[in-house]
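Residue numbers run from 1 in the order of the sequence given.
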Amino acid sequence: MNLNFECTQCGKCCRDLKLPLTVTEALDWLRDGHDVQVLCDAVPWPAEPDPSDQKAAHQRRRSFATMSGSLPTRVVAILAANLAGACPNLQADLRCGIYDRRPLVCRIYPAEINPFVQLDPVNKACPPEAWAADRPLLQRQGRLMDAAVRRDIQQSRDTDARTVEVKRRLCTALHLECAALADEGFVVYSPERPVLLAALDRAVNDPDISDRDAEMADASWRFVSNRSETIDSLSGRGAVGSLMGAGAHPSFEYIGFRPPSA
């Protein structure tokens, strides 16, 4: 599939989203006075998959191993800027105020970082004219034409894999223990900025966790869902699960991709 694209500087991709950040970018974002959230999802991992399963290999690289009850599980933790409205770095003329140090995901957009997600203009905020046939060629037969974007995508994937243990230590320091089922939703934690900054700095600079933290790290993670059939299925496999009710949870928000159970 061939795609043409050129940014129209509409600013739509800089509003109302959760912007994934690397660990270093999250530290910078927090130090700049902006808030960062932690999004968690998880997948049952009862046995190591076949080495030829590339999708499983991608999931494994960016997740850490833990347990949910008696079910081996892998958790992905994502650091994300919560953009409710315009990005704080979006200027009045719709230019980026930190363009030279903008996050990797912004440099890569509208390309996809996940190798198993197909680039589709329908899923992007850009207006139709950004994809007009007279725009520069972005992708030919599924291959991105810009070498710099390809390098940034690889850097993003490598960084994601390299910082898995940092994120595990961060979850331990913040006592996070709930995650949504992968591809079904996210559990979203919103720690206060000073708390998250201190915990993330510690996770980066102190790889040796205390005995208390080690005990927390071994604690069982809990799957959270708005669908009773999901919780029943996971519980039947030995996992610990909770069904989200109508009321808000005191420690996190749940974002579901599917309608809740009736």
Side-chain angles (χ1 to χ4, degrees), residues 18 23 26 36-49 53 55-80 160-192 195-196 198-200 202-204 206-258 260-261:
K18 297 190 185 299
V23 169
V36 173
Q37 296 176 316
V38 185
L39 283 60
C40 295
D41 69 4
V43 61
W45 207 266
E48 285 298 318
D53 187 338
K55 191 170 184 178
H58 174 71
Q59 181 79 7
R60 195 184 197 287
R61 281 194 299 269
R62 58 194 302 264
S63 62
F64 57 85
T66 186
M67 297 292 292
S68 178
S70 61
L71 181 65
T73 299
R74 296 195 72 91
V75 173
V76 173
I78 300 170
L79 296 165
D160 207 20
R162 191 170 61 249
T163 55
V164 163
E165 280 303 300
V166 171
K167 293 176 181 179
R168 181 188 65 80
R169 293 195 294 268
L170 175 66
C171 290
T172 298
L174 294 174
H175 309 299
L176 310 186
E177 56 183 18
C178 291
L181 180 66
D183 297 325
E184 189 177 284
F186 284 113
V187 163
V188 182
Y189 292 95
S190 301
E192 293 186 2
V195 173
L196 180 54
L200 186 55
R202 178 189 171 204
V204 170
D206 183 13
D208 298 321
I209 59 176
S210 67
D211 291 340
R212 178 182 61 81
D213 286 341
E215 183 177 346
M216 281 295 301
D218 291 335
S220 180
W221 276 69
R222 178 180 297 272
F223 282 94
V224 176
S225 176
N226 62 352
R227 299 170 63 83
S228 57
E229 55 267 38
T230 295
I231 297 303
D232 291 344
S233 175
L234 290 167
S235 298
R237 300 172 67 182
V240 178
S242 293
L243 182 66
M244 285 297 296
H249 193 281
S251 64
F252 60 77
E253 172 191 5
Y254 178 80
I255 298 177
F257 302 154
R258 303 179 185 179
S261 299

Review point. Side chains of L170 and L196: closer than 4.5 Å at any heavy-atom pair?
Key: yes
Check your understanding: Are side-chain heavy atoms of T73 and S220 found at a separation under 4.5 Å?
Key -> no
Exercise for review: Taking all heavy atoms of A42 and all of V75, pick out the closest pair and write down the distance.
Suggested key: CB-CG2, 3.9 Å
Exercise for review: Ignoring hydrogens and angles, tell me if any N or O in the side chain of S68 forms a donor-acceptor pair with the backbone of V240 under 3.5 Å.
Suggested key: yes
Exercise for review: With sequence neighbours excluded, give me every salt bridge (Lys or Arg N to Asp or Glu O under 4.0 Å) pair touching residues 222-237.
Suggested key: R227-E229
Exercise for review: Taking T163 for its side chain and V23 for its backbone only, find out whether a donor-acceptor pair lies under 3.5 Å.
Suggested key: no
Exercise for review: Could you go through the salt bridge (charged side-chain N to carboxylate O under 4.0 Å, His left out) check for D183 and R258 one step at a time?
Suggested key: CA-CA 9 Å; D183 297 325; R258 303 179 185 179; over 6 Å; no
Revision key, fill the gap. CG (L39) and OG (S190) are apart, to the nearest 0.5 Å, by 8.5 Å
Review point. Is the closest side-chain heavy-atom distance between F252 and M244 below 4.5 Å?
Key: yes
Review point. Atom NE2 in H58, atom CG in D160: separation rounded to 0.5 Å?
Key: 7.5 Å
Exercise for review: Using side chain to side chain donor-acceptor pair (under 3.5 Å) as the criterion, list what pairs up with T230, not counting sequence neighbours.
Suggested key: E184
Practice item. Heavy atoms only: give me the nearest M67-G69 pair and the separation to one decimal. Key: CE-O, 3.7 Å
Point to revise | Nearest-0.5 Å distance, CG of residue D41 to CG of residue L181 | key: 8.0 Å
**Study point:** Test side-chain contact (heavy atoms from CB on, under 4.5 Å) applied to R61 and V164, step by step
**Key:** CA-CA 8 Å; R61 281 194 299 269; V164 163; over 6 Å; no
Check your understanding: Mind checking what makes ring pair (Phe, Tyr, Trp, His ring centres under 6.0 Å) contact with Y254, not counting sequence neighbours?
Key -> none
Point to revise | Heavy-atom side-chain proximity of I78 to K18 below 4.5 angstrom | key: no
Review point. Shortest non-hydrogen contact from W221 to T66?
Key: CD1-OG1, 3.2 Å
Practice item. For residues C171 and A77, report the shortest heavy-atom separation together with the two atoms involved. Key: SG-CB, 3.9 Å
Check your understanding: Any sub-3.5 Å donor-acceptor pair from R168's side-chain atoms to F64's backbone N or O?
Key -> no
Exercise for review: Could you pull out all residues at least two apart from F223 that satisfy ring pair (Phe, Tyr, Trp, His ring centres under 6.0 Å)?
Suggested key: none
Point to revise | side-chain contact (heavy atoms from CB on, under 4.5 Å) partners of A56, counting only residues at least two apart | key: W45, P49, D53
Check your understanding: What's the shortest heavy-atom distance between A182 and V43, and which atoms?
Key -> CB-CB, 4.4 Å
Practice item. Give the minimum heavy-atom separation between P44 and L71, together with the two atoms involved. Key: CB-CD2, 3.7 Å
Practice item. For A26, check side-chain contact (heavy atoms from CB on, under 4.5 Å) against everything at least two apart and list the hits. Key: L21, V36, L79, L200
